[in-house]
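Everything below concerns the one structure shown next.
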2 protein chains.
Amino acid sequence: MPFETQDLKKAGLKVTLPRLKILQILESSSDQGTHLSAEDVYKALLEAEEEVGLATVYRVLTQFESAGLVQRHNFETGHSVYEIATGEHHDHMVCVDGGDVIEFTDSVIEKRQHQIAEEHGYELVDHSLVLYVRKKPQG
Amino acid sequence: MPFETQDLKKAGLKVTLPRLKILQILESSSDQGTHLSAEDVYKALLEAEEEVGLATVYRVLTQFESAGLVQRHNFETGHSVYEIATGEHHDHMVCVDGGDVIEFTDSVIEKRQHQIAEEHGYELVDHSLVLYVRKKPQG
DNA sequence: TTGGTTGCAAACAATTTGCATAAAT
DNA sequence: ATTTATGCAAATTGTTTGCAACCAA
C-alpha cells in the first residue's frame, strides 16, 4: 500500500483518485521546493488528464491542511499557496535579484519570538518570516 | 496650509475632501496603533457624515500606498489593512482570534537576521515578520 | 447500504474597473 | 478649460457552499 494511501487513511479521509492525485502533485512540487496555489494544482491535474473540479481542489487542500498533511501560506500575493508538511519548520530567505529561495531555521529567533509573544500576554501560534537579501559583492 | 494638504500635493494628488478625510482617519488610527481595513475607513467616513463611496476608499488607499503615504499589510485575515507610513521599521503580532495587531521591534531578532544573511553570503535588504498569537487564558 | 465525496453552479467576500458626472487647478 | 476624481453599478478574483449524483468501505 503506497504511503499516499496510508496518509489519507490515517487522516480519516477516503482514498479517492482526486485526493491521491493532488497529494502526488504536491509531493513532486515539494521536491522542487515550489509552493502551489489551488489554481496551480488544478492546472497540474488538467495536464495529467485528470478531470477534477476546482471546488474539489479547494476542498481537498483544506482537508489536507486540517489533517496536517500540508501547510498553507498566505504570502502578500492575495492567494494561498500550499506545500507538503514536513513537520520541520523553516523560514525563507528570498534573493531580490535572482529570486532564489533559501530555507533556514534559527533557534535564537525562534526562541525570541516565543518570549516576545509571552511578554505581551499571548502565546505564539504561528509565524511568518521572510528575509529579503542580496548577494554580497565578491560572494 | 495643513500638512495633509502638503502631503497630497507632494504626491501629485489633487486635494479633495475624500482624500483629506481618509488621511485624517488613518492618522488618528495611527495614534492608537490601529491598522484599518478599507471597510474600517469606509465606516469611519460614514460616522463622520462624509458621503464617500467604498470604491473611492479603495482607490485612494491604493494611491496613498503608491505615494508612500501609507503601508499596506496582508496578514492572514483575508483582507488588507493600512497604516500611516512612519519610516520607522517595526514588525507585527496578529491575534488570530480578534485580529488585533500589536507592533513591536526586537533588537535580538533584528541582529540575528543580519547575521543569518551574512552567514549565507548575502546582505539583508528587507524583511517581513509576523507573529500569529492567541491571548493566553487568564490574560 | 450508507455515509463520505464529487461536480456543477450559484453564492460570497474583497477588491477593481467602466463610465458619466462632478470637482480641482 | 482641462485634467483628474468621484459615485455607482457591474465586473473580477479567490474561495466557499448547496445539492443531487456517485463511489469507497
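Computed from heavy atoms alone, side chains included, the values below leave out hydrogens, waters and symmetry copies. Reminder, nothing fancy here: chain letters follow the sequence lines and each chain counts from 1.
- Across C/dT6, D/dT16, D/dG14, the shortest atom-to-atom separation from the side chain of A/Pro18 is found for C/dT6.
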Should B/Glu49 and B/Lys21 be marked as a salt bridge (Lys or Arg N to Asp or Glu O under 4.0 Å) after you check the CA-CA gap, both sets of side-chain angles, and the distance that decides it? CA-CA 11 Å; B/Glu49 313 250 303; B/Lys21 212 51 180 115; over 6 Å; no

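- Rounded to whole Å, atom P of C/dT25 lies 10 Å from atom CG of B/Leu8.
- In terms of position on DNA chain C, the residue among B/Glu39 and B/Leu17 whose nearest nucleotide sits closer to the 5' end is B/Glu39.
- Atom P of nucleotide D/dA5 and atom CZ of B/Phe64 are separated by 11 Å, given to the nearest angstrom.
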With salt bridge (Lys or Arg N to Asp or Glu O under 4.0 Å) as the criterion, how do B/Glu4 and B/Lys9 come out once you've worked through the C-alpha distance, each side chain's angles and the decisive distance to 0.1 Å? CA-CA 9 Å; B/Glu4 285 102 338; B/Lys9 289 198 165 167; over 6 Å; no

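- Per the geometry, NE2 belonging to B/His73 stands 19 Å off P belonging to C/dA14, to the nearest Å.
- You'll find that the side chain of B/Lys14 is closest to D/dA5, out of D/dA5, D/dT15, C/dA14.
- Atom NE2 of B/His120 is separated from atom CD1 of A/Ile102 by 7.0 Å, given to the nearest 0.5 angstrom.
- The CD atom of B/Gln63 sits 13 Å away from the C1' atom of C/dT16 (whole-angstrom rounding).
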Go through it in stages, so that I can follow the logic: the residues are B/His92 and B/Phe75, the test is ring pair (Phe, Tyr, Trp, His ring centres under 6.0 Å), and I'd like the CA-CA distance, side-chain angles, deciding distance and then a yes or no. CA-CA 9 Å; B/His92 296 94; B/Phe75 300 139; 5.2 Å; yes

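- Within 3.5 Å, no donor on the side chain of A/Arg59 pairs with an acceptor on the base of C/dG4, nor the reverse.
- Remark: B/Tyr58 is not in phosphate contact with C/dT16, judged by side-chain N or O atoms under 4.0 Å from OP1 or OP2.
- Atom CG in B/Leu36 sits about 15 Å away from atom P in C/dA14, given to the nearest Å.
- B/Arg19 comes within 4.0 angstrom of the backbone, heavy atoms only, and of no base.
- No side-chain heavy atom of B/His79 sits less than 4.5 Å from a side-chain heavy atom of B/Glu39.
- Across all strands, A/Glu51 comes closer than 4.0 Å only to sugar-phosphate atoms, never to a base (heavy-atom distances).
- The side chain of B/Ala38 approaches C/dT15 more closely than any other nucleotide in the set C/dT15, D/dA25, D/dT15.
- To the nearest angstrom, C1' of C/dG7 lies 14 Å from CG of A/Leu45.
- Rounded to an integer number of Å, the gap from A/Leu20 CG to D/dC23 C1' is 14 Å.
- Dashed line: the shortest gap from a side-chain N or O of A/Thr56 to OP1 or OP2 of C/dG7 is under 4.0 Å.
- The side chain of A/Leu54 sits closest to D/dT15 out of D/dT16, D/dT15, C/dT15.
- Connection of A/Val60 to A/Val81 is not established within any shared hydrophobic cluster, with ILVMFWY side chains joined at heavy-atom distances below 4.5 Å, either directly or through further cluster members.
- Look at B/Ser37 and you won't find any side-chain N or O under 4.0 angstrom from OP1 or OP2 of C/dA14.
- Closest contact between the side chain of B/Ala55 and the listed nucleotides C/dT15, D/dA25, C/dT16 involves C/dT16.
- Rounded to a whole Å, the OH atom of B/Tyr42 is 15 Å from the P atom of C/dT15.
- One finds a side-chain N or O of A/Thr16 lying less than 4.0 angstrom from the OP1 or OP2 phosphate oxygen of C/dT6.
- Using a 4.0 Å heavy-atom distance criterion, A/Ser80 is classed as a sugar-phosphate-only contact.
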